[in-house]
Asks: 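I have a structure I would like to understand better, so I am pasting it below and will then ask my questions one at a time.
Order of the sequence lines fixes the chain letters, A, B, ..., with proteins taken first and strands second; residue numbering starts at 1 for each chain.
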Protein chains: 4
Amino acid sequence: MTTKPKPLPAKKRTSIGSRRNPEAEAAVLAAARELINERGYAGFSVDEVARRAGAGKTTIYRWYPTKADLFIAIYTAERTTFVAIPDTGSLVEDLVGYTTSLWRFWRSNSAGAALRGLIAEAQGTKEALAALRERFLPERTADVRQMLSTAASRDEIGVEEINGKLSLWVGYSWFRLLTDELHDESPLVSIMAQIAGTPSDRAS
Amino acid sequence: MTTKPKPLPAKKRTSIGSRRNPEAEAAVLAAARELINERGYAGFSVDEVARRAGAGKTTIYRWYPTKADLFIAIYTAERTTFVAIPDTGSLVEDLVGYTTSLWRFWRSNSAGAALRGLIAEAQGTKEALAALRERFLPERTADVRQMLSTAASRDEIGVEEINGKLSLWVGYSWFRLLTDELHDESPLVSIMAQIAGTPSDRAS
Amino acid sequence: MTTKPKPLPAKKRTSIGSRRNPEAEAAVLAAARELINERGYAGFSVDEVARRAGAGKTTIYRWYPTKADLFIAIYTAERTTFVAIPDTGSLVEDLVGYTTSLWRFWRSNSAGAALRGLIAEAQGTKEALAALRERFLPERTADVRQMLSTAASRDEIGVEEINGKLSLWVGYSWFRLLTDELHDESPLVSIMAQIAGTPSDRAS
Amino acid sequence: MTTKPKPLPAKKRTSIGSRRNPEAEAAVLAAARELINERGYAGFSVDEVARRAGAGKTTIYRWYPTKADLFIAIYTAERTTFVAIPDTGSLVEDLVGYTTSLWRFWRSNSAGAALRGLIAEAQGTKEALAALRERFLPERTADVRQMLSTAASRDEIGVEEINGKLSLWVGYSWFRLLTDELHDESPLVSIMAQIAGTPSDRAS
DNA sequence: CTGTAAGCGAGACGGTACGTCGCGTCTTGAC
DNA sequence: GTCAAGACGCGACGTACCGTCTCGCTTACAG
């Protein structure tokens with residue numbers, strides 16, 4: 001009942017020799033994207049991806065040994081839709097702009113669902129946790145880190161504050177993602193101001 | 001292989017009439033606690049809980065229809081170990097104190113693992129998401145909300161800042177929990193200062 | 001879905017002291033009858049009987065320790081509807097008449113279903129097999145045995161043929177019951193003639 | 001307690017591509033045979049078959065969607081041990097010979113137990129009943145039908161008597177099987193004579 | 001030009017877990 | 001002691017995924 005059999009595309013894909021078939025790769029990613037979007041983390045299975053992609057499970061496991069790998073690949077593949085790092089001269093404005101478009105990215109694609117899946121997966125297996133911390137996070141927070149560095153270089157914040165502010169920003173964004181509350185952007189301005197702002201012991 | 005047979009306690013538990021048997025309840029919770037601690041979210045199964053508790057699966061499902069319910073029960077059962085809301089007169093100090101002991105609570109019990117499980121589960125099923133948002137979060141963030149209210153009442157922060165600061169605090173704590181980075185408490189003081197502090201547009 | 005909750009009869013039955021409550025007994029049998037009729041051998045459960053009868057399971061197990069007992073009780077309770085032993089002076093006619101009304105009895109009540117259940121149960125447990133052979137069969141074939149004895153006393157058949165002919169008759173009737181072919185009575189006359197008839201080594 | 005752990009054969013069976021593995025098939029049938037023999041209809045579970053065969057339940061359900069299918073497969077697999085259709089020129093002698101060896105077949109193998117299981121199963125589910133009537137019976141009574149046809153062709157019996165005599169024969173054999181009375185073969189001769197014999201209205 | 005190595009769809013395999021149902025036993029509290 | 005009620009331990013049900021495997025095929029490239 002849950003398994004829509006999906007009228008397989010008549011086109012028969014096959015090997016193109018001793019190297020990756022990009023058509024197969026694309027079909028797998030497309031199916032994975034569609035599936036995570038449609039059914040979420042539960043209900044996402046390699047079997048079903050294979051079924052929808054008309055691919056062998058071996059093919060999938062060859063490239064993506066774990067679900068974490070697959071989720072990262074989905075996220076990265078969507079990356080094309082996502083855009084530029086603002087540079088308005090104001091950290092708050094930069095953060096608001098960036099976060100707004102990031103959340104839109106998370107909402108409008110399967111990217112958000114993929115990240116939710118990646119985080120969920122990381123709660124269970126150490127490989128996924130490692131992938132999240134070592135492969136996903138550094139790369140995917142580089143933009144914000146860049147914005148914070150720029151702000152530091154114009155003395156808007158202290159250099160020693162960068163890591164903390166970054167964590168706060170990631171934590172907040174994840175919290176909204178994980179509780180499925182990305183739709184309400186109204187608090188964004190004040191929250192980003194808070195993140196960009198002064199620690200209480202420096203205020204006075 | 002995965003099923004450590006566990007020499008069953010010779011004592012045979014049974015029904016005590018048409019109402020809950022608290023012994024069974026305790027055995028189930030203890031087994032669940034032990035299991036989530038030992039094996040994490042993956043590797044946590046109702047089957048194995050039942051096996052270790054010497055309980056029927058029906059008994060478990062009767063009280064905890066979903067894993068989310070079970071995780072919340074574990075968290076709540078541990079709650080005895082966790083303590084008081086500091087009231088030092090300084091929001092930062094309060095937050096640091098509270099967060100320190102919360103993280104210790106998360107680390108030293110199965111509570112942290114249970115919360116990680118709950119969050120992971122919420123990424124897949126809407127029931128778990130609802131449980132997290134509507135049953136877990138309001139109750140479990142009441143303490144910090146209280147601390148923020150107190151701070152507002154002595155004009156340390158604005159009342160309108162409470163919700164935002166609360167989200168920042170939750171987000172940050174979850175982020176550290178979910179990436180398994182609770183051990184490093186060194187940034188706590190500066191982060192809590194940041195949360196307690198002034199938004200950038202109010203600083204001047 | 002399969003378990004129609006059945007709006008319990010508002011009337012609340014209870015104990016009438018240290019002896020059987022005939023109302024409860026009747027309710028249990030009625031529910032059992034209804035259930036075996038409706039759902040057959042699979043789908044017949046003590047739990048469901050208790051539910052429909054508004055009875056405690058203990059009550060049922062007190063009187064009917066096994067399903068076999070329950071099936072026999074159903075069969076016996078229906079017995080009121082069933083009638084007389086024909087005595088036409090011709091064995092064939094007697095057998096046809098009797099078998100016709102027996103089959104009608106089996107078809108129109110839950111008796112047929114109960115017997116099918118009893119036989120099925122006897123394939124699995126030795127208690128049920130014993131009940132079938134020692135309690136059910138002798139009693140329930142007494143009528144036909146009587147008819148055969150009468151025929152022997154008027155020299156229509158030999159006394160030594162009684163047991164064999166009885167087995168043939170039971171076997172044939174069971175076969176039709178067990179393959180759910182009771183509706184077709186057309187071969188009855190010729191079959192009963194065959195049973196009543198002469199062994200091939202005596203014919204000539 | 002019920003689960004005799006059975007020191008698994010060190011040899012690890014696995015897939016041999018996308019088609020049936022005959023080793024697995026053999027292991028499943030052997031385990032099923034052993035189990036029905038040992039424990040009878042009650043106590044026969046797909047779980048236990050899988051356990052003993054060292055097979056996944058999926059593997060079993062793939063080939064034998066219902067227990068009826070499995071019972072038929074057991075019966076058929078044993079068929080190798082069972083033999084020839086007698087042709088002595090006398091229907092009675094043929095029937096006695098055939099029935100004797102059939103009963104021996106039923107007694108000495110798991111075939112008898114399997115048939116008892118099949119019949120029991122047919123009392124509960126319509127699929128099993130259909131399998132019994134449409135797949136099992138026609139095929140498995142072909143031998144006797146053949147013998148009756150031969151007898152008819154030499155005018156020993158009438159052609160119109162074939163079906164009735166066949167039913168009588170099946171009914172009687174089943175009756176003895178279902179009441180676990182196959183050990184006593186003494187009435188066989190006179191019963192088969194009765195079946196082969198003349199209906200009472202043709203006897204003069 | 002031919003062999004070989006890898007990719008590919010397919011799907012069977014041994015497992016584990018799911019959530020539900022039925023078993024027969026038990027305890028309670030009312031009668 | 002009988003009754004309704006229903007919790008209890010147990011174990012089977014049939015399904016879904018897991019990650020591994022083997023097959024039969026295709027194609028590219030190395031010798």
Asks: Assign the ring pair D:Phe136 / D:Tyr75 to parallel, tilted or perpendicular, where the plane angle (0 to 90°) is split at 30° and 60°.
Replies: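 Ring orientation, 0 to 90° scale: perpendicular.
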Asks: Round to a whole Å and report the spacing from CG of B:Asp47 to C1' of E:dG15.
Replies: 13 Å
Asks: Has the side chain of A:Thr76 got a donor or acceptor atom that lies under 3.5 Å from a matching backbone atom of A:Ile72?
Replies: yes
Asks: Rounding to a whole Å, what distance do you find between C:Ile60:CD1 and F:dT2:P?
Replies: 15 Å
Asks: Looking only at side-chain N and O atoms, does C:Glu121 offer a donor or acceptor that is under 3.5 Å from a partner on D:Tyr41?
Replies: no
Asks: Establish, yes or no, whether a centroid distance under 6.0 Å links the rings of A:Phe71 and A:Phe44.
Replies: yes
Asks: More 5' along DNA chain E: D:Gly56 or A:Gly56, using each one's nearest nucleotide?
Replies: A:Gly56
Asks: What's the closest nucleotide to the B:Arg13 side chain, out of F:dA4, F:dC8, F:dC18?
Replies: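 Selected nucleotide: F:dC8.
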Asks: To the nearest angstrom, how far is B:Tyr64 atom OH from E:dT20 atom P?
Replies: 17 Å
Asks: What I want to check is whether an N or O donor and acceptor connect the side chain of D:Lys57 with the base of E:dG15 at under 3.5 Å.
Replies: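 Under the 3.5 Å cut-off, the side chain and the base do not form any donor-acceptor pair.
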Asks: Quickly work out the B:Tyr41 OH to E:dA17 C1' distance and round it to whole Å.
Replies: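 My rounded result for the distance is 13 Å.
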Asks: When you measure from the side chain of B:Asp69 to the backbone N and O of B:Trp63, does any donor-acceptor pair fall under 3.5 Å?
Replies: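 Not at all, since once roles are kept as given, no pair shorter than 3.5 Å links the two residues.
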Asks: For D:Ser15 and A:Trp63, find the nucleotide of DNA chain E closest to each by heavy atoms; which residue's nucleotide sits nearer the 5' end?
Replies: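 The answer here is A:Trp63.
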Asks: Ignoring the backbone of D:Thr14, work out which of E:dA17, F:dT22, E:dC8 is nearest its side chain.
Replies: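 Given the options E:dA17, F:dT22, E:dC8, the side chain of D:Thr14 is closest to F:dT22.
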Asks: Given F:dC17, E:dG9, F:dA12, identify the nucleotide with an atom nearest to the side chain of D:Ser45.
Replies: F:dA12
Asks: Go through E:dG9, F:dC8, F:dA12 for me and flag the one nearest to the D:Arg51 side chain.
Replies: F:dA12
Asks: Taking atom P of F:dC13 as reference, at what distance in whole Å does atom CD of D:Glu121 sit?
Replies: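 That distance rounds to 10 Å.
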Asks: So what does B:Asn21 hit on the nucleic acid, given a heavy-atom distance under 4.0 Å: a base, only sugar-phosphate, or nothing?
Replies: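 B:Asn21: backbone/sugar contact only, no base atoms under 4.0 Å.
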Asks: Let's see if you can work this out: which of E:dG9, E:dG24, F:dC8 has an atom nearest to the side-chain heavy atoms of B:Ala24?
Replies: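 Given the options E:dG9, E:dG24, F:dC8, the side chain of B:Ala24 is closest to F:dC8.
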Asks: Please report, rounded to the nearest Å, how far the P atom of F:dG14 is from the CG atom of D:Asp69.
Replies: 11 Å
Asks: Measure OH/A:Tyr61 against P/F:dT22 and give the value in whole Å, please.
Replies: 17 Å
Asks: Please figure out whether D:Ile16 or A:Val46 has its closest DNA chain F nucleotide nearer the 5' end.
Replies: A:Val46
Asks: If each of A:Lys67 and B:Thr59 is mapped to the nucleotide of DNA chain F with the nearest heavy atom, which maps nearer the 5' terminus, i.e. the 5' end?
Replies: B:Thr59
Asks: Rounded to the nearest angstrom, tell me the gap between atom CZ in B:Arg62 and atom P in E:dG19.
Replies: 16 Å
Asks: Which of the following nucleotides, F:dG11, F:dA4, E:dG7, is nearest to the side chain of B:Thr58?
Replies: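 Selected nucleotide: F:dG11.
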